[in-house]
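A short write-up of the structure that comes next.
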Amino acid sequence: MEKKIKEKRKGLPELKVNPEKNPIFRFAPNPNGPLSFGHSRGIVINSEYAKKYNGKWILRFDDTDTVRKPPLKEAYDLIQQEVEWLTGKKADKVVIASDRIETYYRYAEELISQGGAYVCTLSAEEFRVFRKEKTNSPDRNRTPEDNLKLWKKMLNGEFSPGEAVLRVKTDMKLPNPALRDWPALRIQDTQKNPHPREEINSKYQVWPLLDFQSGIEDHLQGVTHIIRGKDLMDSTRKQTLLYEHFGWEYPETLYWGRVKIHEFGGFSTSGMRKSIDEGVFSGWDDSRLPTLASMRRRGFSPKALQNFWIELALTQKDISASMETIHAHNVKIIDNTSKRLFFVKNPIKLTLTEKILNIPQEFKTRIHPENDSMGSRKWDFKKGEITIYIEKEDLELAYINSNKIRLKDFADIEIDNCQASIISFNPSEKLPIIHWVERENSAEALLETVINNNLKLIHGRLESSIKIEIGSVVQLERIGYAKLEDKNKLIFLHD
RNA sequence: GCUCGAUUGGUGUAGUCCGGCCCAUCAUCUCGCCCUUUCGAGGCGAGGACCCGGGUUCGAAUCCCGGAUCGAGCACCA
């Protein structure tokens with residue numbers, strides 16, 4: 001009698017691994033743009049598993065469509081940088097499909113020679129009828145020799161796009177229509193649509209399709225586990241059929257479901273690319289875009305994204321998550337190190353006089369409320385009278401509190417027509433607490449944020465008592481977290 | 001239409017293989033309260049779920065049958 005211990009699983013589920021060899025994972029984006037937030041799931045999951053099982057993971061650029069999803073030249077480098085940012089290190093290996101076209105050709109030829117593939121000269125539309133009727137294409141019975149001749153013609157440019165395609169022989173009676181004699185390589189007019197990588201350009205006009213390229217490459221790289229979206233389930237089945245022709249063993253395969261983020265509408269990489277070109281967005285790192293570039297720019301911690309995806313784990317369920325969850329993860333990481341600062345939006349100027357109580361020489365408060373080791377921030381005041389700024393909205397808040405309000409960490413004041421005076425240093429009444437700045441200890445600053453899906457620059461005054469490094473994330477008290485992008489320029493992260 | 005796949009609180013997730021330890025886990029969320037000179041963080045408490053219908057069984061979130069719903073694929077896209 002064995003007592004079964006049920007322990008709650010935390011993090012990623014266990015994988016079937018062969019103890020004899022270290023597993024190899026891969027993530028294969030199309031470099032038709034930098035990475036989107038959605039891509040980060042594939043990177044996090046695959047790299048985490050590689051780490052967990054002491055394996056490797058390969059970053060592979062599946063850049064084999066020069067017409068509909070043309071690769072973006074800059075994306076190759078950008079993606080590698082983003083991967084490094086997200087995982088904290090470079091991918092263990094980088095493979096570019098367009099560098100390996102001739103390898104794919106060799107396997108295509110081998111498959112033709114074995115009678116496992118044939119050149120089909122039916123148009124896509126014509127073939128659709130055969131697929132539907134479960135009948136063989138008239139080209140299916142050609143000998144391997146004849147197919148090889150036609151294949152050479154494809155390579156020599158004797159066919160135009162759509163006139164010939166290499167199909168993997170499966171079985172036209174297969175219940176799943178997607179699997180019936182699926183296309184492996186097709187012709188693209190690379191004169192008209194050259195590959196953006198100069199070394200490739202118009203060099204090839206016969207290009208593998210995803211199922212073929214990916215299937216061959218996974219085997220060549222010794223990939224042991226494929227973890228990808230469930231939209232690629234049929235791809236697994238197609239590739240399994242291809243592996244049977246070659247006598248290869250298909251890797252362990254797992255899937256994740258679709259993810260919808262409430263706040264993001266439907267963005268496709270190609271759609272974003274178009275909008276950026278048209279000037280609708282300022283660039284790939286526009287705050288409104290669900291790209292890694294945008295999240296990185298705003299100051300998200302890569303660790304937060306990792307935790308988010310690990311928590312969602314690996315299920316085939318279609319899920320719909322909210323940015324709030326990601327924010328919650330991020331706050332946990334950044335809060336402890338984020339310096340507190342006052343930023344007054346739409347500042348209203350008030351003169352603080354000594355009508356009731358005198359103004360002290362200085363103002364001092366902690367940089368972080370719980371973390372004393374971060375020290376304090378201090379403002380020196382001139383004697384007699386100083387100029388302070390509060391938010392317009394907060395002035396209204398004072399009006400509904402008999403013109404009284406509490407300046408955070410400082411004093412209760414009474415306001416009388418742009419003149420204010422300290423009525424108490426201790427919180428004497430339950431007054432609303434607001435943030436504020438003093439003229440000599442603050443500077444004009446801009447806060448970039450998104451309002452109603454528009455980019456807005458909010459003018460304000462930022463406390464200048466402590467030096468904030470450019471690129472670091474601070475908490476603007478009562479507003480939210482923001483990153484100092486430049487001197488006197490902040491970009492809003494989240495609240 | 002055909003072929004896959006999924007279905008646990010508002011949102012995610014654990015448990016489902018090997019039925020009892022599950023009047024169902026954890027996180028997020030919402031609402032209270034506490035602490036705090038932030039609308040931040042923290043603490044405490046509360047709220048809220050096994051898609052439906054049958055069956056098997058002493059016992060079903062878990063096994064079987066049927067249905068519903070959602071999603072994906074059926075591209076010379078990835």
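Each chain gets a letter, A, B and so on, in the order its sequence line appears, and its residues count up from 1. Keep in mind the model is a prediction, meaning the values are calculated, not measured.
Donor-acceptor pairing under 3.5 Å, judged by distance alone, is absent between the side chain of R237(A) and the base of U3(B). For E370(A) against U36(B), a side-chain-to-base donor-acceptor contact under 3.5 Å is absent.
Across all strands, R180(A) comes closer than 4.0 Å to no nucleic acid atom at all (heavy-atom distances). Residue D231(A) is in base contact, counting any heavy-atom pair closer than 4.0 Å across all strands shown. Using a 4.0 Å heavy-atom criterion, one finds that F410(A) contacts the bases of the nucleic acid, with or without backbone contacts as well. V67(A) comes within 4.0 angstrom of no nucleic acid atom, judged by non-hydrogen atoms across all strands. At a threshold of 4.0 angstrom between heavy atoms, the contacts of Q188(A) with the nucleic acid are absent. Using a 4.0 Å heavy-atom criterion, one finds that R68(A) contacts the bases of the nucleic acid, with or without backbone contacts as well. Within the nucleic acid shown, T64(A) comes within 4.0 Å of sugar-phosphate atoms alone, with no base atom in reach, counting heavy atoms only. Heavy atoms of D409(A) sit under 4.0 angstrom from at least one base atom. No engagement by L166(A) is indicated, since no non-hydrogen atom pair under 4.0 Å with the nucleic acid exists. Note on L210(A): a base of the nucleic acid sits closer than 4.0 angstrom, heavy atoms only. Among the atoms of the strands shown, none is found under 4.0 Å from any heavy atom of T365(A). Among the atoms of the strands shown, base atoms are found under 4.0 Å from some heavy atom of P369(A). Contact annotation for L174(A): no contact, since no heavy-atom pair falls under 4.0 Å across all strands. Q475(A) comes within 4.0 angstrom of a base, heavy atoms only.
Distances from the side chain of D62(A) to the nucleotides U8(B), A78(B), G12(B) place A78(B) closest. Counting only heavy atoms from C-beta on, V331(A) has its side chain closest to A41(B) among C4(B), U38(B), A41(B). If you check C76(B), G40(B), C77(B) against the side chain of K69(A), the one that comes closest is C77(B). Relative to the side chain of D335(A), the nucleotides U38(B), A41(B), C77(B) differ in distance, and A41(B) lies closest. The side chain of I433(A) approaches U38(B) more closely than any other nucleotide in the set U28(B), U38(B), C76(B).
Between the CG atom of N30(A) and the P atom of C77(B) there is a distance of 12 Å, given to the nearest Å. Distance, K260(A) NZ to G71(B) P: 9 Å, rounded to whole Å. Atom CD1 in I390(A) sits about 21 Å away from atom P in U37(B), given to the nearest Å. In this structure, K173(A) atom NZ and C2(B) atom P are separated by 19 Å, rounded to whole Å. Separating the CG atom of L397(A) from the P atom of U38(B) is a distance of 15 Å, rounded to the nearest angstrom. If you measure from atom CH2 of W309(A) to atom P of U13(B), you get 11 Å, rounded to the nearest angstrom. Note: CE (M323(A)) to P (G10(B)) measures 23 Å, nearest angstrom. Rounded to whole Å, the distance from NE2 on H195(A) to C1' on A78(B) is 13 Å.
To the nearest 0.5 Å, the span separating CZ on F27(A) from CG on L35(A) amounts to 6.0 Å.
The same atom, P, is picked in A27(B) and in A14(B); the two are 15 Å apart, to the nearest Å. The same atom, P, is picked in C51(B) and in U11(B); the two are 13 Å apart, to the nearest Å. A distance of about 23 Å separates the C1' atoms of U8(B) and C4(B), rounded to the whole Å. A41(B) and G47(B) are spaced 23 Å apart, taking the P atom of each and rounding to whole Å. Using atom P as the reference point in both U7(B) and C52(B), the two lie 14 Å apart (nearest Å). Atom name P, nucleotides G40(B) and A78(B): the rounded distance is 47 Å, in whole Å.
Under the Watson-Crick or G-U wobble criterion, with both distances below 3.5 Å, A46(B) is paired with U30(B).
For A328(A) and N176(A), each mapped to the nucleotide of RNA chain B holding its nearest heavy atom, the one lying further toward the 5' end belongs to N176(A). Checking I319(A) against E163(A), the closest nucleotide of RNA chain B that is more toward the 5' end is the one next to I319(A).
Of the possible polar contacts, one joining the D65(A) side chain to the R68(A) backbone as a donor-acceptor pair under 3.5 Å is found. The backbone N or O of Y481(A) lies less than 3.5 Å from no partner atom in the side chain of Q475(A), so there is not a single donor-acceptor pair.
The phosphate of C2(B) (OP1 or OP2) has no side-chain N or O of K134(A) nearer than 4.0 angstrom. A close approach under 4.0 Å does occur between a side-chain nitrogen or oxygen of T315(A) and OP1 or OP2 of U13(B). Look at K132(A) and you won't find any side-chain N or O under 4.0 angstrom from OP1 or OP2 of C2(B). At the phosphate of C77(B), OP1 or OP2 sits under 4.0 Å from a side-chain N or O atom of R186(A). In this model, the phosphate group of U28(B) is approached by a side-chain N or O of K332(A) to a distance below 4.0 Å at OP1 or OP2. Close to A72(B), at under 4.0 Å from its OP1 or OP2, lies a side-chain N or O of R258(A).
With salt bridges taken as basic N to acidic carboxylate O contacts below 4.0 Å, one links D181(A) and R140(A). By the 4.0 Å N-to-carboxylate-O rule, R340(A) lies too far from E463(A) to be salt-bridged with it. Salt bridge R366(A)/D372(A): present, at least one basic N to carboxylate O contact under 4.0 Å.
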### Task
Assess whether side chain to side chain contact (heavy atoms under 4.5 Å, CB included) is satisfied between Q239(A) and S214(A), documenting all intermediate values.
CA-CA 8 Å; Q239(A) 290 168 341; S214(A) 176; 3.5 Å; yes

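Taking a 6.0 Å sphere around CD of Q361(A), one finds it holds 12 or fewer heavy atoms contributed by other residues, nucleotides or ligands.
Considering every non-hydrogen atom in both N336(A) and N371(A), the closest pair reads O-ND2, 3.5 Å.
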